[in-house]
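We count ligands from 1, going down the list as the structure has it; atoms in each ligand are counted the same way. Predicted model, so just to flag it, every value in this text is computed and none were measured. We're numbering straight along the sequence, starting at 1.
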Amino acid sequence: MTDKNLVPVVPREGWHVLHLFYKVEHGQWSVLNPDEQREAMTGFTELVAEIRETESTQLLIFSVVTPKADIAFMLLTPDLHTANIFEKRLTLALGPDVLTPVYTYLSMTEESEYTTSDAEYTLTLEREQGLVAGTPEFEKALGEFSTRMAKYRKDKLYPLLPLWEVFCFYPMAKRRIVGQNWYALPFEERKKLMSGHARVGRTYHGKILQLITGSTGLDDAEWGVTLFAHDTFDIKAIVYEMRFDAVTAEYGEFGEFFIGLSVPLDELFRRVLP
Ligand code: 76R
């Protein structure tokens, strides 16, 4: 095991990501008269539009299921100052003390440490497909691989999030106890274990869209896990199935889970500000 195995280089790229969960203070909201309530909802709607018009910025809004929270925001933006300004404004957008933060999470988009490099893929082409470096077949296969990886990398660092119906968020970390310490494993072993994880994940293609954002040094856990689905059954199924995969079974630590539904703003207001 060399130092290189233990200390990866962390690329300085990506966007900041805020997951913000609020409760509506119904007592405070009911003190506002109908005109003030309308004004608050208009101001909120305008702020949402302003954020969504900001360059390279995405704001997703969910109605949270269960009284753990009422409204969830997921904000992605390159600059932390922009994130900070919008986050303060969102908190106050429906009037002072109407929204109380109940859970928040700061992370950043990141690409995986375990992706296949061109050099590794070259070996696969040579050994498993019998292609010879320098031949047109080889160059074509390697070129296709590089294009695919460039897109994959872009999707991880600069994701364009979909408007799927179900949203699930929870923080995660990898276990670090004596005899079971993820970070003490050699890189090759971690990579092998992660490929099993990804294999399970890929069977949910089209049903689950996962965004893993890194939060070491930024928040309590090591990653924020955001899952989008069309159906809660798929969320339940993938999280359960992964419990049996070696990485999760031996090294997965989970934080609190939140489930939200993607609804238009007028429907959100009807649901959470009755
Ligand atoms: O990034 C990729 O899409 C390819 C490989 C991959 C990585 C590196 C991958 C694939 N994941 C990766 C990293 Mn994942 N993932 C989770 C959960 O862990 C649990 O038991 C539950 C939480 C789910 C449901 C899930 C789904 N993944 C990670 C990491 C960071 C680990 C690290 O860097 O050490 C965590 C914490 C994590 C957790 N994973 C996939 C999925 C799915 C659906 C895929 C396939 C994506 C695809 O190929 O379309």
Side-chain angles (χ1 to χ4, degrees), residues 5-11 13-15 17 19 74 105-117 120-121 124 145 147-162 164 166-177 180-260:
N5 277 339
L6 286 174
V7 188
V9 175
V10 180
E13 283 180 90
W15 284 338
V17 182
H19 289 80
M74 183 173 176
Y105 206 76
L106 170 63
S107 57
M108 295 177 78
T109 58
E110 65 178 22
E111 61 178 314
S112 166
E113 211 179 305
Y114 307 107
T115 47
T116 309
S117 65
E120 284 167 321
Y121 197 67
T124 306
F145 171 78
T147 309
R148 208 162 59 237
M149 290 314 280
K151 179 176 183 318
Y152 165 83
R153 214 174 148 261
K154 191 162 160 272
D155 288 347
K156 291 281 148 197
L157 289 170
Y158 310 107
L160 241 186
L161 295 185
W164 288 11
V166 186
F167 154 91
C168 173
F169 174 79
Y170 50 97
M172 270 196 91
K174 291 269 166 69
R175 192 161 297 144
R176 267 174 283 156
I177 55 173
Q180 217 173 336
N181 183 338
W182 176 256
Y183 299 94
L185 295 179
F187 175 77
E188 283 311 324
E189 192 165 342
R190 282 184 280 131
K191 185 169 165 126
K192 201 168 116 230
L193 285 164
M194 283 307 293
S195 72
H197 167 90
R199 225 175 0 258
V200 174
R202 276 195 294 274
T203 64
Y204 284 82
H205 183 76
K207 289 189 270 188
I208 294 282
L209 199 138
Q210 139 265 31
L211 183 68
I212 303 297
T213 49
S215 52
T216 44
L218 304 178
D219 217 319
D220 299 344
E222 291 160 357
W223 294 275
V225 177
T226 308
L227 305 177
F228 297 101
H230 299 295
D231 193 321
T232 26
F233 282 109
D234 291 320
I235 303 265
K236 184 168 175 280
I238 194 174
V239 175
Y240 186 67
E241 198 178 327
M242 281 194 173
R243 292 280 202 273
F244 293 94
D245 186 70
V247 178
T248 305
E250 295 192 35
Y251 301 100
E253 304 271 11
F254 295 81
E256 195 170 351
F257 280 71
F258 291 89
I259 292 286

Inset, instruction - Establish, yes or no, whether the cationic atom of Lys174 lies under 6.0 Å from the six-membered ring centre of Trp223 and within 45° of the ring axis. - result: yes

Legend entry - Any Arg202 heavy atom less than 4.0 Å to ligand 1: yes

Legend entry - Of the listed options Trp223, Tyr183, Tyr251, closest to atom 32 (C) of ligand 1 (non-hydrogen atoms): Trp223

Inset, instruction - Please confirm whether Tyr204 comes under 4.0 Å of ligand 1, counting heavy atoms of the residue only. - result: no

Inset, instruction - Please check if any side-chain donor atom of Tyr105 sits under 3.5 Å from a side-chain acceptor atom of Ser215, or the reverse. - result: yes

Inset, instruction - Dump the intermediate steps for side chain to side chain contact (heavy atoms under 4.5 Å, CB included) on Trp15 and Tyr158, then the final yes or no. - result: CA-CA 7 Å; Trp15 284 338; Tyr158 310 107; 3.5 Å; yes

Legend entry - Polar contact flag, side-chain donor to acceptor under 3.5 angstrom, Tyr204-Glu241: yes

Inset, instruction - Measure the NE2-OG1 distance between His19 and Thr213 for me, rounded to the nearest 0.5 Å. - result: 5.5 Å

Inset, instruction - List the closest protein heavy-atom neighbour of atom 49 (O) of ligand 1: residue, atom name, distance to the nearest 0.1 Å. - result: His205 ND1, 4.4 Å

Inset, instruction - Determine yes or no for a side-chain-to-main-chain donor-acceptor pair under 3.5 angstrom, with Glu110 supplying the side chain and Leu157 the backbone. - result: no

Inset, instruction - Please confirm whether Arg243 makes a cation-pi placement over Phe254, using NZ or CZ under 6.0 Å from the six-membered ring centre and within 45° of the ring normal. - result: yes

Legend entry - Numbered atoms of ligand 1 (with element) below 4.0 Å of Lys156, judged on heavy atoms: 1 (O), 2 (C), 3 (O)

Legend entry - Donor-acceptor side-chain pairing of Tyr183 and Glu222 below 3.5 angstrom: yes

Legend entry - Lys236 NZ/CZ over Phe233 ring centroid, <6.0 Å and within 45° of normal: no

Inset, instruction - For atom 21 (C) of ligand 1, find the nearest protein heavy atom and state the residue, atom name and distance (0.1 Å precision). - result: Tyr170 OH, 3.2 Å

Legend entry - Atom pair CG (Leu227) and CD1 (Ile259), whose distance is rounded to the nearest 0.5 Å: 8.0 Å

Inset, instruction - Heavy-atom distances under 4.0 Å are what count here, so tell me which part of Met194 touches ligand 1: side chain, backbone, both or neither. - result: side chain

Legend entry - Candidate with minimal heavy-atom separation from atom 8 (C) of ligand 1, of Cys168, Ala173, Ser112, Gly206: Ser112

Legend entry - Closest protein heavy atom (residue, atom, distance) for atom 2 (C) of ligand 1: Tyr152 OH, 3.2 Å

Legend entry - Which of the ligand 1 atoms, numbered from 1, are nearer than 4.0 Å to a heavy atom of Met172: 18 (O), 19 (C), 21 (C), 22 (C), 36 (C)

Legend entry - Count of N, O or S atoms belonging to protein, less than 2.8 Å from atom 14 (Mn) of ligand 1: 1

Inset, instruction - For residues Phe167 and Phe258, establish whether the separation of their ring centroids is below 6.0 Å. - result: no

Inset, instruction - Please indicate whether any nitrogen or oxygen in Lys174 is less than 3.5 Å from any nitrogen or oxygen in ligand 1. - result: yes

Inset, instruction - Just need the protein heavy atom nearest to atom 19 (C) of ligand 1, so name the residue and atom and give the distance. - result: Thr248 OG1, 3.4 Å

